[in-house]
Amino acid sequence: MTESRHARHSARVTERRRRPPARSAGGSPLVRSSTPGRDQRHSGGSHAVQGSDLPEALHSAAREARRRMDAVSAAVYLVDEDQGALCLALADGSAPSFFTLPGRMPLDMPSATVRAWATGEAAVLTDPDPDPGPAGPDRDHVLPYPYVALSVPVATDERRFGALTVLRVEAAGAFEPAEMGILEDVGRQLAHILARLVEDGVRVVAGPMPMLVPAGAGVDTSVCTPGWGVRDVPGSAGTSMMFPLRRLAELLNRATTMEDVVAAAQYCVMSSLRADALVLVSAREGRLWVLGHCGDSTELARRIHGTGVDGRTPVAAAFHGRALYLTGDGPPLVGEASAGVSRTEVYVPLRGEGQFVDLPLAGQNRVVAVCALAFSGHRPFPSEERVLLGMMAGLLGAAVERVELSAEQREAAQLLQRLLLPARLPDLPRLVTTARYRPADVTSEVGGDWYDVFRNAEERAVLVVGDVEGHAVESAAVMGQVRTAMAAYACEGHRPAAMIDRTARVLAELGTALTVTCCVVALDTLDGTAEVALAGHPAPLVRRPDGRIQTLDAPANVPLGVPMAQPYEAREHLLESGSTVMLYTNGLVSSRSASPETCARDLLGSTDVTSSSHLEDLADRIVSEIVTPQQRRDDAAVLLARYEGAGHGDEPKAAGLHIQRRDLRGVRTARAFVHDKLGAWGLQDMTDVVELAASEIVTNALIHAGSDVDVRLRAFEDRLRLEVRDSATNPPIPSPLSLTEEEAPEAEHGRGMLIVEALAGEWTSYPNGQGKTVALNLVIPQE
């Protein structure tokens, strides 16, 4: 705009400031705006957008922009208070068009709205996918996004409020420069009005949900709860109520975990209805269990979690298929601060087939969960909001059932995977071993990676790592067959090349079409001779005592399942005392940009391994590099072994104990085991502390894991290591004796871990092949 036009505009703004806004008979401000004729829309003349409060100002500007630009809809975006995103505040137009508008745009999003806000200039965005695809003479191509967007900044010289965006059907053609000027003028006028509201103390921010105003709708909104849409505008409240429903459907379609479902419900259900708390509840084995909760919901979740499904409670009644809307006084369910204050509670059943069923389905009316909402004070629910909540419940029920089914399938796959991996690795006098396995994140199927350690003689150990093609039940079945064959041939004393050759013949007889790669290392712990044989697998690496990392080369051969005319070949290497060997599968390094061998070398050299007690630290460090979803597109296994050498002065002492599940004397047996072994090793002074730590960890494992428990003791020159293994994957969490902040009710109680934490300055929990291992290190007092 020229300086003269800017001066005239400023004069108009000043004049409007002097003139008090008009009021309706009820005392609410009115919006002054006129509708220009068709001949005014492209003339470039200014039109005053006036409003006395924020919703009316935004609505007036959006309506003016839509009418003057011949657009199907117009929207005002306001930057949030953290200056981190643009939020949809209000949209005016046709429902099919304004439901395509994002509710929130990060400031790095490639959109015309963000560009206009960031650059201070008009920005145009056409079809985001202009490729017509395979089109022919008798086929018309229809664009997936049939709108052209024009955005202009809503800003003054001192402040950027947001952006004004209009959508026009793509058949109307591109925006002309004169039209851009018209929309820029509307955006500038809105910015000055918003600046005046800020001066008057009004917070110019978008609400929790956008206000949607349908064009030309004549829906009666007198029975709708205040807070939806723009008051006195027919159709605005009802249409605004549809926005969180549509956004909920979009978010739940992408939800893969229960945390995703709860987050979607918090944004679209709890926030839009202005509830204080939300709890999702399921029923299993006759009791109610909290799936997730948000808001000020700790007390409500604790009252529900673990109660009987047949109890005389509102949530139990909702599981019989009836939604309950309750108001009244009583004990606080949301928080202690609400004691003595009236409250409103809502319990809505969630059905797996949706809230409204048009076709007969099996298991109809089956309630899969209940959504509980709590409000402070008396909260009426008109019919429109009940219908809205019912539709939301249908979406939530389908999502909960899908996510729980996926979780059950994933849990079954992980259980099968754990059963096919070794429960524990054998203890060898001069060889300390440890292993890690990480499943892929992109699939819920079982993987084909495995590892194992066999002891076929007093002084000879066989290390094996393998990878079966694919991620399916067949991959797991083949993995079990190959591992069983390997174990049989290793125990018979066959050398690595013969083990691979004979296993390949077994696999050929089984008739599977899958291929298998593997690496076998036979180590003589007396002289350090290591014989390596490969079947299309990466060669193992060794870290020498001086820190050098080398490859234990061997002929590559071909994978199992591929016909091979020549016999498999192996190669011998000599290991010095203090060497660390690493066997791994491709999933450990396949997602990295560098070569697989270079990545494996970097991982092996990432931590200093000065003693066998630090082998677990090295394993933790290696798997920590592959925990991001981008790096877990394939399952991965790594097997580490540290060779101590024959007659080494620091040769570790090792002993193990197996406790069966539900063994009532298991804790007493563990204490006796610790007492006897430490006495035999001359460590009587440490008996009391280690016995107490062992009893607490074993008790925790027996109660919460419900599985067999393995206890292992290792004595090194300077420290003692205690390991307790079980089949539960959740790590033990020390729980405070007094809980003052919100916690998940289903979290594992770990009161005993507080004692362990006090006894040992260093303890850790890490996953193994069939669950987790809790380990602690205690310094041996030196005389």
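Being a predicted model, the structure only gives us computed values, none of them experimental.
A salt bridge does not link R438 to D449: none of the charged side-chain nitrogens sits closer than 4.0 Å to a carboxylate oxygen.
Closest of all the heavy-atom pairs between V520 and P496 is CG1-CB, 3.7 Å. Closest approach of T585 and A636 over heavy atoms only: OG1-CA, 3.5 Å. Contact record, A530 with L523: CB-CD1, 4.1 Å, taken as the closest heavy-atom pair. For H658 against D708, the heavy-atom pair with the smallest separation is NE2-OD2, 3.2 Å. Contact between A435 and L639 at its shortest, heavy atoms only, is CB-CD1, 3.9 Å. Across every non-hydrogen atom of S695 and V667, the tightest pair is CB-CG1, 3.6 Å.
Under the rule for a salt bridge (Lys or Arg N to Asp or Glu O under 4.0 Å), the partners of R505 that lie at least two apart in sequence or sit in another chain are D501. Residues satisfying the side chain to side chain donor-acceptor pair (under 3.5 Å) test with R483, not counting sequence neighbours, are D452. Taking the side-chain contact (heavy atoms from CB on, under 4.5 Å) definition, one finds that P540 meets it with C519, V521, V532, L534, L552, V581, L583, sequence neighbours left out. Residues satisfying the salt bridge (Lys or Arg N to Asp or Glu O under 4.0 Å) criterion with R502, sequence neighbours excluded, are absent altogether. For E576, the salt bridge (Lys or Arg N to Asp or Glu O under 4.0 Å) test picks out R544, with sequence neighbours left out. Remark: E531 engages R495 in a side chain to side chain donor-acceptor pair (under 3.5 Å) (not counting sequence neighbours). Evaluation of the side chain to side chain donor-acceptor pair (under 3.5 Å) rule for E408 yields no partner, not counting sequence neighbours. Under the side-chain contact (heavy atoms from CB on, under 4.5 Å) criterion, T484 pairs with no residue, sequence neighbours left out. Remark: R665 engages no residue in a side chain to side chain donor-acceptor pair (under 3.5 Å) (not counting sequence neighbours).
Atoms CG and CZ, from N777 and R714 in turn, are 10.5 Å apart once rounded to the nearest 0.5 Å. Separation of atoms OG1 (T307) and CH2 (W289) is listed at 9.0 Å; rounding is to 0.5 Å. Here the CG atom belonging to L722 is positioned 10.0 Å from the CE atom belonging to M686, to the nearest 0.5 angstrom. Rounding to the nearest 0.5 Å places CG of L575 at 11.0 Å from OG1 of T525. Atoms CD and CZ, on E404 and R284 in that order, are 6.5 Å from each other to the nearest 0.5 Å. Taking CD of E723 as the start and CD1 of I697 as the end, the distance is 10.5 Å to the nearest 0.5 Å.
Inter-residue side-chain proximity for V516 and W450 is flagged as met; some heavy-atom pair is nearer than 4.5 Å. Taking 4.5 Å as the limit, some side-chain heavy atom of C518 sits within range of a side-chain heavy atom of I500. With contacts defined as side-chain heavy-atom distances shorter than 4.5 Å, the pair V482/M486 qualifies. Side-chain contact check for V698 versus L702: some heavy-atom pair is nearer than 4.5 Å. Annotation: side chain of V403 is not in contact with side chain of L291 (no heavy-atom distance under 4.5 Å). Residues R571 and E569 fail the side-chain proximity criterion, which asks for heavy atoms closer than 4.5 Å. A heavy-atom distance below 4.5 Å is not found between the side chains of T512 and Q481. Residues L514 and S475 are in side-chain contact: their nearest non-hydrogen atoms beyond the backbone lie under 4.5 Å apart.
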**Derivation and outcome, side chain to side chain contact (heavy atoms under 4.5 Å, CB included), residues D620 and R436** = CA-CA 8 Å; D620 291 338; R436 298 290 187 272; 3.0 Å; yes

**Request:** Could you please spell out the steps behind the side chain to side chain contact (heavy atoms under 4.5 Å, CB included) verdict for I304 and H293?
**Result:** CA-CA 11 Å; I304 294 175; H293 56 102; over 6 Å; no

**Message:** Does V638 form a side chain to side chain contact (heavy atoms under 4.5 Å, CB included) with Y451? I'd like the steps, not just the answer.
**Reply:** CA-CA 8 Å; V638 59; Y451 59 85; over 6 Å; no

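Within the structure, the ring-ring contact (aromatic ring centres under 6.0 Å, His included) test picks out the following pairs touching residues 481-505 (sequence neighbours left out): Y489-H494. Evaluation of the ring-ring contact (aromatic ring centres under 6.0 Å, His included) test over residues 529-550, restricted to residues two or more places apart or in two chains, returns none.
Listed for the E469 side chain is a donor-acceptor partner under 3.5 Å among the backbone atoms of T515. Although no hydrogens or angles enter the test, the distance criterion places no donor-acceptor pair under 3.5 Å between the side chain of R712 and the main chain of L657. Between the S579 side chain and the Y643 main chain, no donor and acceptor come within less than 3.5 Å of each other.
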Please list, one pair per line, the donor and acceptor atoms closer than 3.5 Å that link side chains of residues 672-685 to other protein atoms, with sequence neighbours excluded.
{"from": "Q684", "atom 1": "NE2", "to": "G679", "atom 2": "O", "distance (Å)": "3.4"}

